[in-house]
Novice: 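Can you keep this structure in mind? I'll have questions shortly.
For this chain, numbers begin at 1 and follow the sequence in order.
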Amino acid sequence: MTARRGSRAAQTARMPAGGSRHAASIGRVARRIRDELGLTLASVAQQAHISPGMLSRLETGRVSPSLDTIVALAEALGIRPALLLQDIGSPEEAAQHTPAGQGLEVVRRGTRRGHAYQLLAAPRGPRKEFEPFFVTLTDKSEVFPGFQHPGTEFIYILSGEMRYRHGKESYLLKKGDSLTFRGDIAHGPERLVKMPIRVLSIVVYASGASA
């Protein structure tokens, strides 16, 4: 493990000092995902086997990461490496087309409870305005009414049935039902009634959140 860590650090240390617009793009995405997951810079750097200072320079686009570093960073964040490269080569005004079943699988707080998340679009630029997810719950999923995040969330039930809690209120949601609520109040599935449960979830940030 020590040799591997030293090798990764050495590869990263040889990055050019000036960075590039591609490096800035990768850094913005990396920081946005790290913030979304509530991970500290130090913990991600340790998992990726690079120094916190190097990760900070990577996130601000001051260094250009090697392919090995991109893969290591993706592993530390629990995402596919392609997600870090999503903005490269795409103009800001380009539409984002996500074919059925090809949303990017991402790790969020509910993942360890058996909830599956597919990100249907990845906001570009230094601030995010919204995030759309396709969420799947099965008989292996556990209820977890404890999510909290900035912004307003809208959920639409595509299939299945569940009881969903928001704060002190509990709602029975069936196919075709929707629920809109403040994300900073504790919320989440309280009881899974009929599975599989498939949900379209859209989180809207009032003035944009820092990436």
Side-chain angles (χ1 to χ4, degrees), residues 28-47 59 74-80 83 86 98 103-211:
R28 283 196 301 269
V29 175
R31 181 180 176 184
R32 183 169 64 223
I33 294 173
R34 180 173 64 78
D35 287 345
E36 289 170 3
L37 297 176
L39 300 174
T40 66
L41 187 144
S43 66
V44 172
Q46 181 179 21
Q47 289 295 319
E59 288 187 344
E75 290 177 353
L77 294 171
I79 61 173
R80 297 175 182 174
L83 186 54
Q86 62 187 356
T98 303
L104 293 167
E105 294 181 9
V106 296
V107 176
R108 294 179 69 86
R109 289 183 59 203
T111 301
R112 66 180 182 272
R113 301 276 178 163
H115 303 190
Y117 299 87
Q118 285 191 353
L119 184 61
L120 301 180
R124 299 187 173 115
R127 304 180 74 85
K128 59 184 179 183
E129 298 179 351
F130 78 103
E131 288 183 304
F133 292 95
F134 176 59
V135 185
T136 302
L137 307 179
T138 67
D139 56 1
K140 295 182 180 179
S141 302
E142 299 179 33
V143 296
F144 188 45
F147 298 110
Q148 287 179 278
H149 54 76
T152 299
E153 183 167 357
F154 167 84
I155 62 175
Y156 180 82
I157 310 302
L158 299 169
S159 68
E161 182 177 335
M162 66 175 166
R163 185 160 286 279
Y164 198 91
R165 176 166 292 279
H166 180 256
K168 297 180 180 180
E169 300 296 325
S170 180
Y171 304 87
L172 180 61
L173 301 179
K174 303 179 180 180
K175 178 180 178 180
D177 290 352
S178 64
L179 187 67
T180 304
F181 50 87
R182 283 175 47 184
D184 60 346
I185 297 176
H187 59 275
E190 184 176 48
R191 182 164 62 91
L192 308 182
V193 179
K194 183 179 179 181
M195 293 167 284
I197 301 169
R198 298 184 176 87
V199 181
L200 174 64
S201 168
I202 301 176
V203 182
V204 179
Y205 302 94
S207 57
S210 297

Novice: Could I get the full list of ring pair (Phe, Tyr, Trp, His ring centres under 6.0 Å) partners for Tyr156, not counting sequence neighbours?
Specialist: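 Listed in chain order: nothing, the list is empty.
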Novice: Return the set of residues passing side-chain hydrogen bond (donor to acceptor under 3.5 Å, both in side chains) with Arg163 (not counting sequence neighbours), or none when no residue passes.
Specialist: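 Applying side-chain hydrogen bond (donor to acceptor under 3.5 Å, both in side chains) to Arg163 gives Ser170.
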Novice: Measure across Leu77 and Leu39 and return the closest heavy-atom pair with its distance rounded to 0.1 Å.
Specialist: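 Looking at all heavy atoms of both residues, the closest pair is CD2-CD1, 4.2 Å.
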Novice: Taking all atoms of both residues into account, what is the closest heavy-atom pair of Ser159 and Pro196, and its distance?
Specialist: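 For Ser159 and Pro196, the tightest heavy-atom pair comes out as OG-O, 3.4 Å.
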Novice: Closest heavy-atom contact between Leu172 and Asp177?
Specialist: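 Heavy-atom minimum between the residues: O-OD2, 3.7 Å.
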Novice: Let me confirm one number: the CG-OG distance from Leu158 to Ser178, rounded to the nearest 0.5 Å.
Specialist: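 Reported value, rounded in 0.5 Å steps: 11.0 Å.
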Novice: Which atoms form the tightest heavy-atom contact between Met162 and Leu137, and what is the distance?
Specialist: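 Residues Met162 and Leu137, closest heavy atoms: SD-CD1, 4.0 Å.
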Novice: Could you tell me if the side chain of Glu169 sits less than 4.5 Å from the side chain of His187, heavy atoms only?
Specialist: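 Of all side-chain heavy-atom pairs linking Glu169 with His187, none is under 4.5 Å.
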Novice: Hey, what do you get for CZ (Arg32) to CD (Glu59), rounding to the nearest 0.5 Å?
Specialist: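 Going from the CZ atom of Arg32 to the CD atom of Glu59 covers 12.0 Å.
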Novice: Salt bridge check, Lys194 against Glu161: does any charged N sit closer than 4.0 Å to a carboxylate O?
Specialist: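 Salt bridge: no.
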Novice: With distance as the sole criterion, is a donor-acceptor pair present between the side chains of Glu131 and Tyr205 under 3.5 Å?
Specialist: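 Looking only at side-chain atoms, Tyr205 and Glu131 do form a donor-acceptor pair, the distance falling under 3.5 Å.
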Novice: Name the one of Ile202, Ile185, Val203, Val204 that satisfies side-chain contact (heavy atoms from CB on, under 4.5 Å) with Glu153?
Specialist: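 Of the listed residues Ile202, Ile185, Val203, Val204, the side-chain contact (heavy atoms from CB on, under 4.5 Å) partner of Glu153 is Val203.
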Novice: Not counting sequence neighbours, which residues clear side-chain hydrogen bond (donor to acceptor under 3.5 Å, both in side chains) with Asp184? List them please.
Specialist: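 Partners of Asp184 under the side-chain hydrogen bond (donor to acceptor under 3.5 Å, both in side chains) test: Arg182.
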Novice: Return the minimal non-hydrogen interatomic distance between Arg34 and Leu41, and the atom names on each side.
Specialist: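 So the minimum-distance heavy-atom pair works out to NH1-N, 3.2 Å.
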Novice: How are the rings of Tyr164 and Phe181 set to each other: parallel, tilted or perpendicular (split at 30° and 60°)?
Specialist: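 Aromatic pair Tyr164/Phe181 classed tilted.
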Novice: Indicate the atoms forming the closest heavy-atom contact of Ile155 with Leu173, along with that distance.
Specialist: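 Result for this residue pair: CD1-CD1, 3.8 Å.
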Novice: Do Pro132 and Phe154 have side chains that approach each other closer than 4.5 Å (heavy atoms only, starting at C-beta)?
Specialist: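 Side-chain contact under 4.5 Å: no.
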